[in-house]
Amino acid sequence: MSDVTTDLFGGPARRAGRVVPVLVPMPAPRPYSYAVPDEMHVEPGSVVQVPLGPRQVFGVVWDGAEDEAVDPKKLRPITKVFDCPPLKEEHRRFLDWVSTYTLSPPGLVARMALRAPAGFDPEPMVEGLRYSGILPERMTAARTRVLDLARDGLSWTRSGLAHAAGVSSSVIDGMTAQGVFETVFIPPPPVVPLPDPDHGASRLEGAQAEAAAELLAEVRALKFSVSLMDGITGSGKTEVYFEAIAETLRQGRQVLILLPEIALTASFLERFESRFGAKPAEWHSDLAPKTRERVWRQAATGDVRVVAGARSALFLPFDDLGLIIVDEEHDPAYKQEDRVFYNARDMAVVRGHIGRFPVVLVSATPSVESQVNGLSGRYRPIHLPVRFGDAALPDLHLIDMRRHPPERGGFLSPVLLRAIGKTVAKGEQALLFLNRRGYAPLTLCRVCGHRFQCPQCSSWLVEHRFRGQIQCHQCGYAERTPECCPECGTFDHLVACGPGVERIAEEVERHFPDARTIVLSSDILGGVKRLRLELDAIAKGEADIVIGTQLVAKGHNFPLMSLVGIVDADLGLANGDPRAAERTFQLLSQVTGRAGRSGLKSHGLLQTYQPQHPVMQAIVSGDAHAFYEREIAERERAHLPPFGRLASIIVSADTRNDAEAHARALRLAAPSTQGITVLGPAEAPLALVRGRHRFRLLVHGQRSSDMQGFLKAMIAAGPRERGSVHVQLDIDPQSFL
DNA sequence: AGCACGCCGACT
DNA sequence: GTCGGCGTGCTC
């Protein structure tokens with residue numbers, strides 16, 4: 001190989017001591033410099049191993065501005081270059097962009113693209129067999145079947161051939177011993193078979209066909225675009241975007257389907273398989289290490305055509321990515337809130353822009369900012385109405401709790417109780433939804449008024465009667481339920497305030513002692529396995545009344561479910577979160593959508609003290625558009641995203657006092673800034689509550705450059721405890737691409 | 001982010 | 001006398 005003239009790092013190589021920048025997985029502000037040993041070939045994007053302090057780490061050879069000379073005495077040589085495709089130019093620009101946008105060190109962003117230790121070297125060849133032309137000494141029926149397959153001269157794996165011929169592998173071994181096969185080395189099999197774009201194509205009609213045609217046109221245009229596809233559950237969004245995937249596959253390009261982690265279910269994969277004849281490669285946090293490496297590598301080589309993954313899949317080193325689908329685009333799980341703070345939905349848009357390919361955002365209840373982008377024409381809106389002849393939507397009604405109060409000590413109104421009774425009597429199922437785990441969210445002493453509070457983070461301790469514990473849902477602190485008040489020592493005067501699912505179950509059992517009642521919440525004893533069993537049991541009709549938290553909102557179909565009761569539809573409306581109304585709308589839409597999917601005439605009843613609230617009105621009238629319009633206007637008034645003309649800053653910290661203190665300092669650091677919102681510990685994400693002296697700034701605004709200048713000044717001037725400032729720019733990325 | 005170094009409290 | 005908590009500083 002010729003050397004000097006092909007040096008990719010500008011000009012002839014200085015033979016003695018070529019130096020390249022390398023991004024290492026630590027929070028340095030820029031790449032470190034390493035010496036390239038003679039005879040070693042590296043180029044920008046090469047995945048390498050380098051010494052860093054006392055250990056060896058993975059890194060990526062970078063490019064860009066020449067960095068100032070580093071003390072040559074510090075310079076150490078690259079240990080090794082991995083034999084894998086270098087990260088592509090567009091991938092590197094993407095990582096740079098994410099680093100700048102999120103104000104995260106580039107090395108930590110690059111680390112997300114290298115999350116497959118040991119996947120960087122090629123997989124070893126697999127030992128295989130090929131027919132040698134020699135016949136076995138004696139023919140048997142089993143041997144004939146094997147030879148019929150092997151005669152084509154292609155290579156087989158030992159177990160693959162045995163399986164295909166329907167014989168045991170000892171038949172193969174016997175033939176091998178007689179020289180029927182010669183050993184060959186074949187490339188390892190792909191992690192998933194190739195998907196066939198024309199495998200299970202179904203004919204789409206009406207609105208679905210029109211929507212698919214629009215997406216197809218975007219794919220064929222071979223350029224950047226963002227489409228926002230909305231339509232309620234059952235309107236066939238998945239079938240429509242499958243058509244866009246098929247077209248991208250026909251172009252020979254790769255596809256990424258982003259899903260919130262919990263939506264990556266077997267049922268989604270099966271749906272994909274029945275359309276394309278093969279499963280997509282999966283990518284999520286609890287993938288087996290071996291599989292993880294293979295998916296990483298095969299995405300890089302192009303052997304994997306479709307990846308369905310959680311947000312981190314966005315950082316895979318695709319060979320030729322041609323389409324990203326972001327399903328459930330409104331889902332907050334797309335936000336990563338530790339180390340590098342980013343929203344995968346927005347970064348997907350950025351990756352599409354850099355790679356010049358289409359991105360499709362999909363949701364039954366789009367986020368307000370995406371809706372705005374759809375309305376303004378920045379994203380192309382595609383609306384799917386309900387298909388004619390489909391199961392009717394549930395018939396939804398509000399229960400005004402001021403007019404139909406529950407009996408003393410209860411939480412279920414007589415109207416809802418009557419409806420449950422009727423449903424159960426018909427042999428159908430009722431779902432009661434309350435997004436609150438445990439028995440009661442607050443316990444207090446009736447004698448002295450003491451309230452049980454978390455000693456670590458100061459939120460209320462939630463009683464879990466079934467486990468005999470009081471727990472902090474913020475930080476995980478738990479203790480045995482005390483029998484007396486720690487303040488005044490009085491026994492038997494502790495009182496539970498407010499309902500949780502366990503308490504609703506108690507009330508239901510009191511009214512319907514003969515009904516089979518199940519409580520479903522994420523803290524269920526027996527974990528995910530038990531949960532799956534319970535869900536199957538419910539689907540088979542082995543329960544009459546199901547009481548569940550938000551985990552019943554997703555996915556599962558209960559064919560016998562004909563009543564949904566929302567115990568407290570107002571819960572979540574008044575928690576200080578600027579997205580409270582939006583989140584409630586999304587959650588309640590999902591839950592009420594659980595009924596009415598079976599052909600049974602079904603009903604939804606929402607208990608509320610605020611029947612006039614826009615969320616309640618939007619849900620029962622089915623007029624989502626009116627809700628969005630109002631919500632958008634509301635935010636415009638409050639200078640909240642996506643319209644904040646001035647920066648809007650949200651500070652959250654582990655105590656409300658800390659948050660207030662930070663906010664005061666921010667006002668001092670940047671007096672022109674308006675709209676500082678302070679969130680207390682209840683709203684602070686778990687990760688931040690756990691680490692002490694950490695706070696988070698959520699900055700909403702429209703222009704990234706302004707935001708960043710402002711933030712840098714503020715960080716320099718503001719209070720900073722051990723450098724642990726985390727910043728999330730919750731801005732529309734398109735406005736400053 | 002890791003990891004070493006270093007300085008004060010309770011224990012095999 | 002040591003073990004071990006986490007504060008501080010460094011890595012091309």
Side-chain angles (χ1 to χ4, degrees), chain A residues 7-10 13-14 16-38 40-82 87 92 95-96 98-100 102-120 285 289 292 311-312 315 336-342 455-457 475 654 658 685-696 715 719-728:
Chain A
D7 187 345
L8 286 151
F9 289 94
R14 287 148 292 165
R18 217 154 57 96
V19 174
V20 293
V22 175
L23 278 183
V24 287
M26 60 149 212
R30 42 190 198 81
Y32 277 1
S33 303
Y34 281 88
V36 184
D38 294 342
M40 182 183 277
H41 171 78
V42 294
E43 57 185 287
S46 294
V47 181
V48 294
Q49 187 179 45
V50 291
L52 182 68
R55 61 215 162 98
Q56 294 284 326
V57 297
F58 299 125
V60 197
V61 176
W62 218 239
D63 45 9
E66 190 93 349
D67 51 337
E68 304 93 74
V70 65
D71 180 0
K73 283 210 289 289
K74 280 188 170 181
L75 215 53
R76 297 168 77 183
I78 294 175
T79 313
K80 139 168 213 193
V81 192
F82 290 97
L87 301 193
R92 299 200 304 276
L95 298 178
D96 272 338
V98 172
S99 163
T100 316
T102 60
L103 302 177
S104 313
L108 295 189
V109 178
R111 202 177 68 144
M112 299 195 294
L114 299 180
R115 284 276 171 82
F120 307 143
S285 57
R292 190 179 192 79
R311 58 176 185 246
S312 57
F315 294 90
Q336 171 152 84
E337 300 191 318
D338 64 275
R339 294 177 186 138
V340 180
F341 284 49
Y342 69 92
Q456 290 174 22
C457 67
C475 69
D654 42 354
D658 283 2
L686 229 56
L688 288 160
V689 172
R690 286 213 183 97
R692 265 187 258 158
H693 303 306
R694 292 200 159 201
F695 65 101
R696 174 177 67 151
I715 289 165
R720 195 149 57 115
E721 316 215 16
R722 303 208 52 246
S724 52
V725 180
H726 290 291
V727 177
Q728 178 176 3

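As the structure is a prediction and not an experimental result, all values here were calculated from the model.
- Rounded to an integer number of Å, the gap from Met112(A) CE to dA1(B) P is 13 Å.
- Going from atom CZ of Phe58(A) over to atom C1' of dA1(B) covers 15 Å, rounded to whole Å.
- When side chains are defined from C-beta on, Tyr34(A) counts as touching Leu52(A), because their heavy atoms get closer than 4.5 Å.
- In this structure, CG of Leu52(A) is placed 11 Å from P of dG2(B), rounded to the nearest angstrom.
- No donor-acceptor pair closer than 3.5 Å links the side chain of Arg115(A) to the backbone N or O of Ser312(A).
- Counting heavy atoms from C-beta on, the side chains of Met40(A) and Val81(A) come closer than 4.5 Å.
- Distance OH (Tyr32(A)) to P (dT11(C)): 7 Å, rounded to an integer number of Å.
- Distance, Met26(A) CE to dT11(C) P: 9 Å, rounded to whole Å.
- Rounded to an integer number of Å, the gap from Arg111(A) CZ to dA1(B) C1' is 6 Å.
- The nearest whole Å value for the distance from the NZ atom in Lys73(A) to the C1' atom in dT11(C) is 17 Å.
- The NZ-P distance, from Lys74(A) to dT11(C), rounds to 4 Å in whole Å.
- No donor-acceptor distance shorter than 3.5 angstrom exists from the side chain of Arg92(A) to the backbone of Trp62(A), with no hydrogens or angles considered.
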